[in-house]
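Have a look at the structure below, then the notes.
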Amino acid sequence: MRDIVFILIGAVSGYKAITRARTDIARFRTAGETFGESHFTDTVAITPIVISINAALYFLLAQQFEHDLTVLTYGVLVGAGMWLSLIDIDTHLLPRRIVYRTIAVAMPLLVLSAFFDDAGSIVGMFIGGLGMWCMLRVLEFLSRGDLGGGDVGLGGLLGLYLGWLSYEAILVGLFASFLVGGFFAVALLVTRKANRNTHFAFGPFLIVGTLIAVLR
């Protein structure tokens, strides 16, 4: 019964993510603030796919964590992560208002979860958030703009969740992000759908890498 409840919550989370993303993307396009012109979210089939993915992720979280509050806390990451990923894919934007709002929700939930679930660390959470933000800031400088400020801000959010678990999770999350992103870039080059000057949204890969580290 517990699994079914979380699957249903995940499905609702997915529906809200795709609905909010479409609204935000339309507003950004109207304001002329976008840097990408993909229309991924306009595809009709995307709605059931997003709902199914979020439902499956909530199910996996329920298997990973015994405490329900921890599942819901990481569920916030899943919902916000999908929302941000969809926006980033279509516009190459990671709105700070969404990132900061999610941080404002995530921090107290992670602190509260640490009191009921000994799997987490409040100190690790703060160190993780700051540490991942700093690492991505350095990479932003070294990449000369290939990695954007939005990715750095997102890293602060993801670091909170990874640091709450362990310092190892931060390294695994970053490694997995660049590994998956690298494979994607190579695939585009091989299929001649991109060249070396092509820019693609990296935010979704940071989120995927984080979820790999959380669910491994």
Side-chain angles (χ1 to χ4, degrees), residues 3 6 9-10 13 17 53-85 88 94 98-140 142-143 147-184 201-216:
D3 291 343
F6 280 121
I9 295 174
S13 168
I53 290 174
N54 273 38
L57 288 172
Y58 261 79
F59 172 78
L60 292 174
L61 288 175
Q63 310 312 304
Q64 184 75 11
F65 301 110
E66 295 182 1
H67 203 285
D68 291 348
L69 178 58
T70 308
V71 176
L72 292 173
T73 298
Y74 277 80
V76 171
L77 171 64
V78 169
M82 181 63 76
W83 183 10
L84 288 164
S85 293
D88 199 15
L94 287 167
I98 298 176
V99 174
Y100 293 158
R101 185 189 304 174
T102 306
I103 289 175
V105 173
M107 286 182 65
L109 283 176
L110 287 167
V111 169
L112 189 60
S113 295
F115 283 106
F116 295 97
D117 190 339
D118 57 9
S121 165
I122 296 175
V123 174
M125 175 192 75
F126 285 110
I127 293 177
L130 180 60
M132 193 160 174
W133 183 91
C134 289
M135 284 187 280
L136 288 176
R137 178 62 76 186
V138 171
L139 290 174
E140 179 193 20
L142 295 176
S143 70
L147 193 71
D151 297 314
V152 177
L154 176 62
L157 166 64
L158 302 180
L160 294 174
Y161 279 99
L162 293 173
W164 190 88
L165 289 172
S166 69
Y167 301 132
E168 178 189 0
I170 301 170
L171 299 177
V172 172
L174 278 174
F175 178 78
S177 299
F178 284 97
L179 183 64
V180 175
F183 276 125
F184 178 77
F202 191 64
F205 296 108
L206 284 172
I207 293 166
V208 169
T210 296
L211 291 174
I212 289 174
V214 169
L215 296 171
R216 65 192 167 94

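Just so it is clear, the values below take in all heavy atoms, side chains as well, and ignore hydrogens, waters and symmetry mates. All values reported here derive from a predicted model rather than from experimental measurement.
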**OP:** May I have the step-by-step check of side-chain contact (heavy atoms from CB on, under 4.5 Å) for Ile207 and Met82, ending in yes or no?
**Re:** CA-CA 8 Å; Ile207 293 166; Met82 181 63 76; over 6 Å; no

**OP:** Give, for atom CG of Leu112 and atom OG1 of Thr73, the distance between the pair rounded to the nearest 0.5 Å.
**Re:** 7.0 Å

Subject >> Asp88 to Asp151 - nearest heavy-atom pair and separation >> reply: OD2-OD1, 4.4 Å

Original post:
If you measure from CG on Asp117 to OG1 on Thr70, what distance do you get to the nearest 0.5 Å?
Top reply: 3.5 Å

Original post:
Do the non-hydrogen side-chain atoms of Leu60 and Val214 ever get within less than 4.5 Å of each other?
Top reply: no

**OP:** Would you mind reporting whether Ser113 and Trp164 have side-chain heavy atoms less than 4.5 Å apart?
**Re:** yes

Original post:
Which atom names give the shortest non-hydrogen contact between Leu61 and Gly75, and what distance separates them?
Top reply: CD1-N, 3.8 Å

Original post:
Between Ser13 and Asn54, what is the shortest heavy-atom contact and its length?
Top reply: OG-ND2, 3.1 Å

Original post:
Of all residues at least two apart in sequence or in a different chain, which pass the side-chain contact (heavy atoms from CB on, under 4.5 Å) check with Val76?
Top reply: Thr102, Val105, Leu109, Tyr161

Original post:
Val99 versus Leu84: any side-chain heavy-atom pair under 4.5 Å?
Top reply: yes

**OP:** With the side chain counted from C-beta on, respond yes when Met132 and Leu160 share a heavy-atom pair under 4.5 Å apart, and no when they do not.
**Re:** no

Original post:
What distance do Trp83 atom CH2 and Ser85 atom OG have between them, rounded to the nearest 0.5 Å?
Top reply: 12.5 Å

Original post:
Just wondering, do Val71 and Phe59 contact through their side chains at under 4.5 Å, heavy atoms?
Top reply: no

**OP:** List the steps and the verdict of side-chain contact (heavy atoms from CB on, under 4.5 Å) for Leu72 and Phe6.
**Re:** CA-CA 9 Å; Leu72 292 173; Phe6 280 121; 3.7 Å; yes

Original post:
Which heavy atom in Tyr74 sits nearest to a heavy atom in Leu165, and how many Å separate them?
Top reply: OH-CG, 3.3 Å

Original post:
Does Leu174 reach the side chain of Leu162, with side-chain heavy atoms less than 4.5 Å apart?
Top reply: no

**OP:** Decide yes or no on side-chain contact (heavy atoms from CB on, under 4.5 Å) for Leu77 and Leu158, but give the supporting numbers first.
**Re:** CA-CA 8 Å; Leu77 171 64; Leu158 302 180; 3.6 Å; yes

Original post:
Mind checking what makes ring-ring contact (aromatic ring centres under 6.0 Å, His included) contact with Phe184, not counting sequence neighbours?
Top reply: Phe200, Phe205

Original post:
Where do Met107 and Met125 come nearest, in terms of heavy atoms and distance?
Top reply: O-SD, 4.1 Å

Subject >> Closest approach of Pro108 to Ile103 (non-hydrogen atoms, all atoms of both residues) >> reply: CD-O, 4.3 Å

Original post:
Under the side-chain contact (heavy atoms from CB on, under 4.5 Å) test, which residues partner Leu139, sequence neighbours left out?
Top reply: Leu136, Leu147, Phe178

Original post:
Given the rule in the side-chain contact (heavy atoms from CB on, under 4.5 Å) test, do Val180 and Ile212 qualify, once you have shown the distances and angles that lead to the verdict?
Top reply: CA-CA 10 Å; Val180 175; Ile212 289 174; 4.2 Å; yes

